[in-house]
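Taking it in order: structure first as structure tokens, then the write-up.
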Amino acid sequence: DQQRVYGFGRKPQFFRWTTPIEHHLFAADPVAESPRVEDRRGPRETRVRVPRSASLHPQGQPLAVLARVHADHRDGVVLARGGNSWGYALYLQGGRPHFTVRADGEIGTAVGQPRVDDRWVHLAGVLTADGQLEVYVDGQRVASAAAPGMITADPAEAMEIGADDGTVVGTYSGPLAFDGKIAEVNLFRGTVTGAEIAELAEPDAVPSAAAAEWVLGYSFDEGARDRSGQGNEGEIEGAVGVDSPVGRALQFVGGPARVPGYHVNLHWTEDQPMWARALVLSDNRLFVAGPPDLVDEVQAFRQIQSPEVQSELAEQAASFAGERGGILRVVAAADGQTLGELHLESPPVFDGMAAAQQRLYLATQAGHIVCFADAERE
């Protein structure tokens, strides 16, 4: 219309990757905003990237991730390694500490019940030799759960501290950037006992464990220099050094991911239960039609090889082919709220919808022309 552009397209947070992709219906200004100077430099992303190495390969052994953190927000990844097939992650959701392990696509998570945001705490996530996941807060075990198995393959994605970009390990949406301070990070490969974790939680503890190998250690007093002797140096991106109760820490800036170069002002966005194949604006209403959208692509991508997901993808393919009918929705142009919905025996062909003389016409995949009209007007 004269004020807005309406469309159906990829959500901005998915611009950086081709898989997965999720879409939305939206209303936006017809002209993009002029980028500010800081926008031209791109978004400020804070994390520490740690390259893959032989010493960081889990090798099917127990492992323990330990970190001293002060979270200013209740959600955020402290450390993540891997993706939806193999990996592990220590993170906060709802202020509660989580430790997740992926083994051949299967997932297990231990969740600690006490909230730990807005204060300094020592966190530990442990994968034990007998297949248990454990979470520790200040040296005390607060949760345990069954692990899906040991991590026998070297995760394809490298380690990140302060975010989980790309393919994520947990059931959260990435990058789940950490907002707050991280003062130290240690990683052990092998068995670390509860008593040893309690000792390591002390401020001046020397990182060691009788039956485990210390493979990564950052104090951040000298950047991301690895104190373990394994040479796993980190690359700091955006995070700045600040003081902490145990020396220096890195300040991470969380929040939703921003898209470089994206300056479109969205007035509203709405998820739809369909892939919009045809869209018409008439009398302050949007008519949207298409085949049903049956798959959450983000969730499906995490377990792409599972029989359940493969079955869902087969159903989605049948839906795209017009075998599951279609959906026609009427949406308010002002705010995106749904005003009405009809089931279609066949979805429209691409752009196969028109409005004329108070009637709506659809050209369907089944080869028909369908006309909708107000019965009271006929």
Side-chain angles (χ1 to χ4, degrees), residues 1-15 17-34 259 261-298 300 312-378:
D1 57 22
Q2 300 302 311
Q3 297 178 331
R4 297 178 180 178
V5 171
Y6 305 90
F8 180 83
R10 189 185 304 190
K11 294 181 178 180
Q13 62 264 39
F14 295 101
F15 283 177
W17 308 290
T18 58
T19 308
I21 299 173
E22 287 288 356
H23 295 71
H24 61 173
L25 186 70
F26 62 86
D29 285 342
V31 179
E33 296 177 350
S34 298
V259 180
Y262 188 78
H263 307 286
V264 174
N265 180 33
L266 296 170
H267 290 271
W268 55 258
T269 74
E270 290 289 336
D271 290 346
Q272 298 294 324
M274 76 184 89
W275 285 77
R277 189 167 283 164
L279 184 65
V280 166
L281 174 67
S282 178
D283 292 335
N284 299 316
R285 292 172 294 174
L286 285 170
F287 294 88
V288 190
D293 182 4
L294 305 175
V295 174
D296 181 334
E297 289 204 8
V298 175
E312 291 175 359
L313 292 174
E315 278 293 297
Q316 187 67 78
S319 177
F320 288 159
E323 298 173 11
R324 300 295 180 265
I327 299 171
L328 169 64
R329 274 193 170 187
V330 186
V331 173
D335 56 13
Q337 296 302 303
T338 299
L339 303 177
E341 180 176 314
L342 288 174
H343 172 74
L344 303 173
E345 292 186 3
S346 176
V349 298
F350 180 77
D351 205 21
M353 186 163 58
Q357 298 182 352
Q358 299 183 351
R359 291 176 173 82
L360 188 71
Y361 298 89
L362 276 80
T364 73
Q365 284 184 260
H368 301 143
I369 301 295
V370 181
C371 176
F372 295 94
D374 188 340
E376 295 182 357
R377 295 179 181 270
E378 290 301 307

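Bear in mind that the values here come from a model prediction, so they are computed numbers and not experimental data. Quick note: numbers below take in every heavy atom, side chains included, and nothing from hydrogens, waters or symmetry partners.
Counting non-hydrogen atoms of other residues, nucleotides and ligands closer than 6.0 Å to CD of Q3 gives a total of 12 or fewer. The environment of F350 atom CZ is sparse: at most 12 non-hydrogen atoms of other residues, nucleotides or ligands sit within 6.0 angstrom. Residue E323 places its CD atom among more than 12 non-hydrogen atoms of other residues, nucleotides or ligands, all under 6.0 Å distant.
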Derivation and outcome, side-chain contact (heavy atoms from CB on, under 4.5 Å), residues D335 and E270: CA-CA 9 Å; D335 56 13; E270 290 289 336; over 6 Å; no
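Interatomic distance, R324 CZ to L294 CG, rounded to the nearest 0.5 Å: 8.0 Å. The structure places NE2 of H23 at 7.5 Å from CD of E297, a figure rounded to the nearest 0.5 Å. I327 CD1 to Q272 CD: the interatomic distance, rounded to the nearest 0.5 Å, is 9.0 Å. With values rounded to the nearest 0.5 angstrom, R329 atom CZ is found 11.5 Å from L342 atom CG.
When side chains are defined from C-beta on, L344 counts as touching L362, because their heavy atoms get closer than 4.5 Å. Between Y6 and L25, the closest side-chain pair of non-hydrogen atoms is not below 4.5 Å. Looking at heavy atoms from C-beta onward, V295 lies out of side-chain contact with E315 at the 4.5 angstrom threshold. In this structure, the side chains of V370 and E345 stay at 4.5 Å or more apart for every pair of heavy atoms. By the 4.5 Å heavy-atom criterion applied to side chains, D271 and K11 are counted as neighbours.
Listed here is the closest heavy atom pair of S346 and T364: OG-CB, 3.7 Å. Taking each heavy atom of A27 and R4 in turn, the nearest pair found is CB-CD, 4.1 Å. Taking each heavy atom of C371 and Y361 in turn, the nearest pair found is SG-CE2, 3.6 Å.
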Please set out all donor-acceptor pairs under 3.5 angstrom arising from side-chain atoms of residues 274-292, sequence neighbours excluded.
residue: W275; atom: NE1; partner: D293; partner atom: OD1; Å: 3.1
residue: R277; atom: NH1; partner: Q365; partner atom: OE1; Å: 2.7

